[in-house]
Structures are given as structure tokens and as C-alpha cells.
Amino acid sequence: MRPESLLPVFVKRPLPSRAMVYLSPLLALTLTLLAGSVLFLTMSVPPLQAMYAFFIEPLSSVYGLTELAVKATPLVLIGVALALGFRAGVWNIGAEGQLIIGGLCGGAVALYFYEQEGFYILPLILLAGIIGGMLWAAIVAFLRTRFNANEILTSLMLSYVASLLINLMVHGPLKDPEGFNFPESRLFSESAMLPILFEGTRLHLGAVFALLVVAAGWLMLSRSLSGFQIKAMGSASAAAEHAGFSSNRIIWMTLLLGGGVAGLAGTIEVAGPIGQLLPTISPGYGFTAIIVAYVGRLHPLGSLLAGLLLALTYLGGETAQINLGLPVAVTGVFQGLLLFFLLACDVFIHYQLQWRRSGSSGEAA
Amino acid sequence: MSKKNSEYLLELEGMRKAFPGVLANDDVGLAIKPGEVHALLGENGAGKSTLVKMIYGILQPDSGTIKFNGKPMKILAPAQARELGIAMVFQHFSLFDSLTVVENISLGMDHQSSMEKLAARITELSERYGLPLDPHRHVYTLSVGERQRIEIIRCLLQQPKLLVMDEPTSVLTPQEVDKLFETLKRLSSEGMSILYISHKLDEIKALCHHATILRLGRKVASVNIDEESPQTLAAMMMGEELQTLQRGEAVNSGQVRLEVAGLNVTAADPLGISLKDIHLQICAGEVVGIAGVAGNGQDELLAALNGETRVREAATILLEGKPAGRLGPNERRLAGMASVPEKRLGHGAVPDMSLVDNAFLTAFRRMRLLRHGLIDYARTRQFCEQVIRDFSVKTPDAQVPAESLSGGNLQKFIIGRELDQNPEILLVSQPTWGVDAGAALTIRRALRERAAKGAAVLVISQDLDELMEITDRIGALCGGHLSAFYPTREMTVEKVGLLMAGVTLEQEYAA
């Protein structure tokens with residue numbers, strides 16, 4: 001006689017729940033807010049006040065909204081590109097490195113044209129950034145297709161190489177000659193900077209690129225042959241091979257796409273809000289974009305919304321630091337909590353909880 | 001207390017299990033006496049596996065009672081079933097290729113014991129029951145029949161009262177089947193009950209005492225085997241007498257559509273099967289069959305023929321006389337080829353994609369479903385609906401995911417998708433595996449019709465009866481070697497069995 005457990009058990013759903021696919025991010029967000037409140041309480045900050053500073057205050061001014069768009073731009077760009085790769089089962093988690101190399105290449109071109117003018121300079125910078133990011137991702141693609149090296153490891157490790165490389169460059173060849181030996185490049189000249197969309201804000205042309213990439217990603221995924229190949233390869237690689245889709249081609253395509261877009265995002269950062277090369281040009285946008293892609297359900301449109309949400313955690317972290325004296329690490333904690341809860345909630349897409357009826361009829365005495 | 005010492009070891013009553021859209025078991029009953037070999041008989045899809053999974057605790061019934069030794073039981077997990085004395089040999093083995101026999105068995109034990117003791121017991125059991133097996137051999141060096149012995153011995157180690165065997169002979173040659181039966185009869189004579197699941201009537205006649213017959217999830221009858229003939233069993237299993245395939249004469253025009261000349265493919269995987277010096281010719285208008293036990297190079301051969309694996313020497317595969325060894329799958333499709341792999345979900349179709357998307361999957365080149373680089377969904381939907389109509393695929397609409405279709409319906413869809421592209425060369429692997437009788441007949445008829453229209457059709461199948469029924473010529477794969485081909489009408493199941501075991505018929509006749 002086994003005592004019937006009162007705890008619910010996980011039972012696999014016969015078919016994945018469509019509703020849970022979309023409810024899971026919302027549920028995860030709610031749980032993140034609850035856990036965040038507990039966190040704030042332990043730091044003896046009134047949770048409501050902290051939540052206000054974190055999530056409402058940054059959005060209460062026009063300037064705040066444009067700042068949100070500035071922070072969301074690289075997240076959305078990379079989020080869309082990563083979503084395409086993840087759909088294909090290509091786990092490029094080194095977008096941070098591709099972003100850095102893109103920024104470095106774009107920045108190098110900007111510095112090459114220092115104090116020159118011309119409409120052609122900006123396109124060249126952007127192009128250099130895209131190519132730089134692609135080359136960095138191409139290393140990963142080569143290692144994967146030639147030696148079957150796991151792209152999760154190689155792309156992640158190359159991120160650290162990239163971050164050391166940009167450090168080396170701004171400490172050395174690209175250092176500002178008149179910069180009192182600070183590890184910074186010169187400030188880019190006017191022709192090398194992305195035009196500002198609204199005077200008095202930092203909102204720049206890059207935000208438009210992000211929207212274009214969302215639209216292009218959507219079209220590609222829903223209607224193009226490449227998008228179809230990505231989806232087929234990701235859900236059933238053998239079926240995709242049988243249909244004549246080459247897995248190596250898809251690995252190259254998604255990695256180059258991811259690297260190129262991440263490189264573009266890096267260039268947009270240095271030629272937009274930053275305006276020069278620094279040892280650190282990204283507060284982890286490339287890593288946060290992984291969360292963006294997942295919260296956005298690996299869909300370009302979802303990545304747009306998720307990009308805005310994650311951008312808010314950056315802004316909120318800053319506000320909370322200024323207003324409440326909370327450590328800036330709160331941003332990272334919130335992002336981590338969100339991903340953690342999301343992965344947990346995603347279990348409910350395939351499983352449901354079931355309470356066993358207590359007392360079994362078969363074993364009645 | 002409830003009554004003890006029942007006449008039966010296992011009694012099921014009113015078992016019911018529903019899956020979304022399917023009532024897999026409806027009011028099914030079954031009773032087995034100690035020492036009895038009891039057949040669970042039914043077509044594919046009749047609900048046999050569902051019933052057995054409930055006995056073994058993998059699935060929970062929606063309603064119904066299970067009595068073991070006369071005591072009502074709830075079997076919540078396989079571990080509990082094993083504790084009661086129920087052991088099961090699955091159709092698909094769960095063995096680690098790189099481990100030895102004794103290591104594999106040790107891994108699956110509920111109670112650990114030392115390796116030497118275990119090896120000694122394995123040797124003892126294998127000698128006692130005529131199951132030759134060296135406990136220290138690595139699994140990858142063993143044949144399928146030997147691997148099955150590991151699973152059987154793994155069960156016997158638990159000293160079960162009831163042994164459940166799920167279609168154990170589907171992976172064996174006719175000669176290996178005979179050996180297995182000797183073992184099972186021995187076990188039964190020692191008092192062990194055996195629940196034997198099959199749809200092969202001759203086997204059941206040879207082995208079993210009683211049979212419970214299922215059809216479409218319901219119990220049709222419970223019979224004494226000795227009082228029935230294969231014909232009466234078949235009638236109960238299939239319901240109304242199914243018409244058999246009317247086959248016309250082969251219209252072999254002699255025009256060779258597919259030729260394979262000296263094809264060698266080295267397996268990429270060290271445990272895979274390499275194809276050695278394959279020769280094959282298929283002409284317009286004929287259906288050629290390749291028999292063989294699974295894992296003898298069937299998957300590798302299909303992949304080499306349909307372009308999933310490319311071959312360095314282009315001229316070893318000729319499509320309509322043109323070298324095609326280096327062409328990819330889509331180039332071969334454009335040259336007139338279509339292929340249906342064995343595995344439906346995940347190879348023939350993408351499980352979570354809609355039928356429309358799955359129609360696009362292999363048809364987009366030949367049916368021109370791309371416009372300006374974008375998917376032309378209007379035309380794709382039209383094509384998909386045509387397939388659904390032509391092959392009477394039972395589905396609510398074309399937008400449901402492929403995985404929601406039953407096995408038979410999905411197979412009709414996949415075969416229909418390929419046939420509606422009007423291929424001149426058609427490769428099909430296991431066309432009716434796990435498909436109900438009605439769908440199987442539709443599929444077999446469609447394959448014959450395609451050949452009658454002038455296509456060259458290759459059928460790779462483990463189902464000998466099917467090959468005998470629909471092919472014009474027949475050969476077999478064994479260990480990556482393809483035998484010579486013989487006219488089907490001159491062949492018997494025994495002769496094909498020899499081919500499957502790698503014996504060449506000339507040798508046999510000479511001896």
C-alpha cells in the first residue's frame with residue numbers, strides 16, 4: 001500500500017500548449033517582480049518605491065522614452081538575429097564578441113577618416129562593422145562545420161578574446177594621441193556619427209535600422225525559403241536533410257547573419273551614443289540579447305517587445321542607483337531572474353500539473 | 001480482503017485509455033493463466049501497445065481494473081511492475097553500444113550486484129534457455145538477434161511471473177524466430193506466463209495457447225488458438241474481409257530508370273553499416289523489393305539513392321542513364337526521383353510544422369511553389385489539399401501539425417505528397433510499417449499504380465508478406481551487401497529468409 005502523494009505531478013501534455021508559449025513570458029515577468037520585491041525588502045528598500053524607480057520613472061518623460069529606444073536598439077537588433085539562429089538550433093551565444101569586433105572595425109574606419117567629411121564615410125563604417133562581426137562569427141562557423149566544434153563554447157570563448165582585443169587596441173594603436181594616455185580613442189568627427197533623429201535627445205538613426213531588421217527578420221522567417229530551411233532544420237534536422245537543405249549551409253548562414261547584425265549593433269553603439277572607442281563599449285548587450293530572443297519567443301516581433309523590456313532593466317538599474325543608492329548589479333539580477341523564471345515557466349508549454357486523486361479505489365480494504 | 005488464489009495470474013477488466021482524438025482502448029479485458037502463452041493479436045493501431053503500456057505501468061488507464069494474482073492493483077510505474085513480477089521486452093532495445101553485455105544489464109537492474117556474479121548468472125541463464133550470449137562482448141559487435149537475447153536475459157534475471165514481448169520477431173530472420181520460439185516454449189513449460197504481442201498469425205498458431213484479439217481499440221474476441229484457423233483469426237483481426245491487392249502484369253518496358261553500379265559507401269559513424277559493391281537496376285513499370293532485417297544498411301542505401309549522402313564516384317548511380325552520384329536531394333528530385341524514408345516524424349515530415357509546410361518541404365522544387373524567392377502559400381495550400389483529397393488523409397484541415405495525425409494518415413500524406421509530384425523513380429522505405437490495414441491497402445495499391453504508369457518503384461521493407469504481395473523482383477540486404485534479385489513469383493518466404501541471412505541461393509542449391 002503506497003501512500004498517495006498530495007503533491008501535484010508533472011504530466012506531459014499530448015500537444016504543446018500554444019497559450020502557454022505566450023503566457024510564459026508574462027508569468028515569468030510577474031514572478032520576477034515578486035522575487036524582486038523580496039530582494040528589495042531584504043535590502044530594506046520599500047518595494048513599491050523601488051519598482052517605481054525601476055520600471056515607471058524611466059518612462060515618465062519623453063527623454064526617458066528616447067533613452068529606452070537607444071538602449072533597446074542593439075538588444076532588438078541582436079535579439080532578432082539570434083532568434084533566427086536559435087530557431088535553426090545554432091547556439092551562437094557569442095554575440096557580445098561579434099558586437100565588440102564590429103564596433104572595433106567600424107571605429108577603426110571612423111578613426112581612419114578622422115577630421116574628413118563626406119556622405120560615404122558613415123556607410124563605410126557600418127559596412128566595416130558588419131564585416132567585422134561576420135568574420136568573428138565565421139571563425140565559429142568554420143570550427144563547427146569543419147571540426148564539429150561546439151559553437152556554444154567557441155562563440156563564448158571568442159567573446160573574451162574580442163574584449164581583450166579591443167582593450168589592446170585602445171591601449172595601443174587606436175589610443176588618442178592627445179588623450180593624456182587614457183585608454184580611449186579620439187572622438188569621432190561629425191561625418192562618422194549617426195544622425196540624431198530628435199534634437200536634444202540621443203535617439204539616432206540606428207533605431208530605424210532595428211525596426212528594419214525586425215521587419216526583414218519577420219519576412220524572412222515567415223515567407224522565405226531560407227526562413228523555412230531554418231525552421232525545418234531546427235525542429236527536425238533529418239527531415240531538413242531529406243528535403244535537401246544542407247545543415248552546414250544553415251550553420252554558416254545563421255552565424256554570419258548573427259555576427260553581421262551584432263557587428264552592426266556594435267558599430268551603431270560606437271558611432272551613436274558613445275562616439276569613440278573605449279575599452280568597454282557594451283554593458284553586455286550581446287548576452288542580454290539571448291534573453292531578448294527567448295522572452296520574445298524566438299520571433300522577430302517578440303524580440304522587439306522583449307528588447308524594450310530588457311532595455312528598461314538597464315535604465316531602471318541606473319535610476320535605482322541614482323535615486324535609491326542601489327548597486328547597479330540589480331540590473332543583472334533582474335535580467336537573470338527573468339531568464340530563470342522564463343525557463344522554468346516554459347516547462348508548462350509541454351507539461352501540466354496534475355493533482356492525484358487521493359485514496360485509490362483499487363486498494364480499499 | 002479480496003479473493004486470493006485466483007485461477008488467473010493477470011486479469012484486466014474494462015480497460016479504457018483515451019488520447020486526444022483517439023480512443024486507444026475501450027472496455028478491453030484480458031486474462032492470463034500461469035504458464036500460458038497468450039497472444040495479443042491485432043492490426044497495427046489496434047491498441048495493443050497502449051494496453052501493454054498500462055500493464056507495465058508506463059501509462060495509467062482512464063478506467064478499468066488490473067488484478068495480479070487475484071489482487072486489484074494500481075501499477076504506477078515500470079519499477080512497480082517489475083517488483084510484482086512483470087517483465088517486458090520492448091520492440092526497440094535500450095542498449096548502450098559501447099558497453100559490454102554485462103555492463104548493459106547491470107545498468108538496468110533495480111538491485112545492484114557485483115559484475116562477476118552477474119556475468120556468471122547471465123552465462124547460467126543463457127545456457128539453460130538456449131540463448132547463447134557472451135557477457136563480456138561489446139554490444140556493437142552483436143547482431144540484432146543477440147541484442148534481443150540481452151533484453152530477454154535482463155528480464156529473466158528478475159525471475160518474472162509474466163513476460164511481455166512486444167512484436168519480438170519483427171527484427172529477426174525466420175531462422176532466428178524458430179530459436180526464439182524454442183526458448184519461449186521452455187519458459188512457458190516452467191510455469192512462466194508470456195503475453196505475446198503480434199499481428200503475425202502463423203507465429204501465433206505455432207506458439208500461443210490463447211489469444212485476445214483487438215480491433216480499433218476494442219476487444220473482438222478471446223479464443224482458444226487450437227480451435228481457430230489462421231483464416232478465422234485474420235477475419236476477427238481485420239473485421240470484414242479485406243480485398244487483397246489485384247495486381248496486373250508488370251509492364252516492364254526494359255527502359256532502365258535507376259541503375260546502381262558498384263556503389264560503395266563507407267559509414268560515417270563507426271557503428272554504422274557500410275554499403276559494399278551494390279548493384280541494382282530498376283526499369284520503368286516494375287516494383288523491386290529489398291528485404292532485410294533492420295540495421296543491415298537500409299537507411300544507408302536509401303540515403304545514398306535519394307542524395308542525402310553524396311557519392312564520390314558520380315557514375316555509380318545513374319538516373320535515366322545520367323550520372324547522379326554527386327547530386328543533392330533536390331537535384332535528384334528535379335531529375336524525377338521521389339523518396340519516402342522509413343521514419344515518418346522527423347525524417348519524412350517535420351513534426352511541429354503544419355501539413356501545408358510539410359507539403360512544401362519536398363515538393364517546392366518540382367511543383368514550383370516559390371515565387372520571387374518567397375513561398376507561394378496559395379499554391380502550396382492547393383497542392384497540400386490535393387494530396388489530402390487524393391489519398392483521403394483524415395485530418396480536420398491542412399493547418400494541423402504533422403505530429404497530430406495518426407501514423408497511417410501521416411504515411412498516406414507523405415506517400416501522397418511524393419506521388420502527387422508524379423515521380424518517374426520512387427524510393428519507399430517501410431511503406432506500411434505501423435499503418436492500419438485499410439491505409440496499407442491504399443498505399444500498396446498506389447505504389448502499383450505508379451509503376452503501371454511507367455515509374456520505377458523501389459520498396460525497402462522488413463515485411464516479407466508485403467514484398468511478396470507487391471513486388472515483381474526481390475532481393476535482400478545483409479550487412480551492407482545486396483543480394484542478387486529474383487522474380488518474386490519464383491520465391492518463397494523461406495528463400496527470402498536465406499537471402500536476408502546473407503546466404504546466396506546458388507550455394508544453397510549446390511549444397
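We name chains A, B, ... by the order of the sequence lines, and we start the count at 1 in each one. Heavy-atom basis, side chains included; hydrogens, waters and symmetry copies ignored.
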If you look only at pairs with a residue in residues 335-363 of chain B, which of them pass as a salt bridge (charged side-chain N to carboxylate O under 4.0 Å, His left out), with sequence neighbours excluded?
none
As an exercise, state the distance from CZ of A:Phe228 to CG of B:Leu374, rounded to the nearest 0.5 Å.
13.5 Å
B:Arg365 versus chain A, the contacting section by heavy-atom distance below 4.5 Å
side chain
Is the count of non-hydrogen atoms from other residues, nucleotides or ligands lying under 6.0 Å from A:Trp218 atom CH2 greater than 12?
no
Highest number of heavy-atom pairs under 4.5 Å with chain A: which of B:Gly348, B:Pro329, B:Gly373, B:Ala363?
B:Pro329
For a quick test of reading the model, state the closest non-hydrogen atom pair linking B:Gly346 to A:Ala238 and the distance between them.
O-CB, 3.3 Å
Any idea which of A:Gly244, A:Ser246, A:Ala243, A:Ala236 has the most non-hydrogen atom pairs under 4.5 angstrom with chain B?
A:Ala243
Side chain, backbone, both or neither: which part of B:Glu331 has a heavy atom under 4.5 Å from chain A?
neither
Heaviest contributor of heavy-atom pairs below 4.5 Å to chain A, chosen from B:Ile375, B:Asp376, B:Asn358, is B:Ile375
Inter-residue atom distance A:His242.NE2 - B:Asn306.CG, 0.5 Å rounding:
4.5 Å
Give a yes or no on this: more than 12 heavy atoms of other residues, nucleotides or ligands lie within 6.0 Å of atom CZ of A:Phe340.
no
Could you name each residue pair satisfying salt bridge (charged side-chain N to carboxylate O under 4.0 Å, His left out) that touches residues 7-25 of chain A, not counting sequence neighbours?
none
Given heavy-atom pairs under 4.5 angstrom as the criterion, report whether the side chain, backbone, both or neither of A:Ser222 touches chain B.
backbone
Please look at B:Leu361 and chain A and tell me whether the side chain, the backbone, both or neither of the residue comes under 4.5 angstrom of a heavy atom of that chain.
both
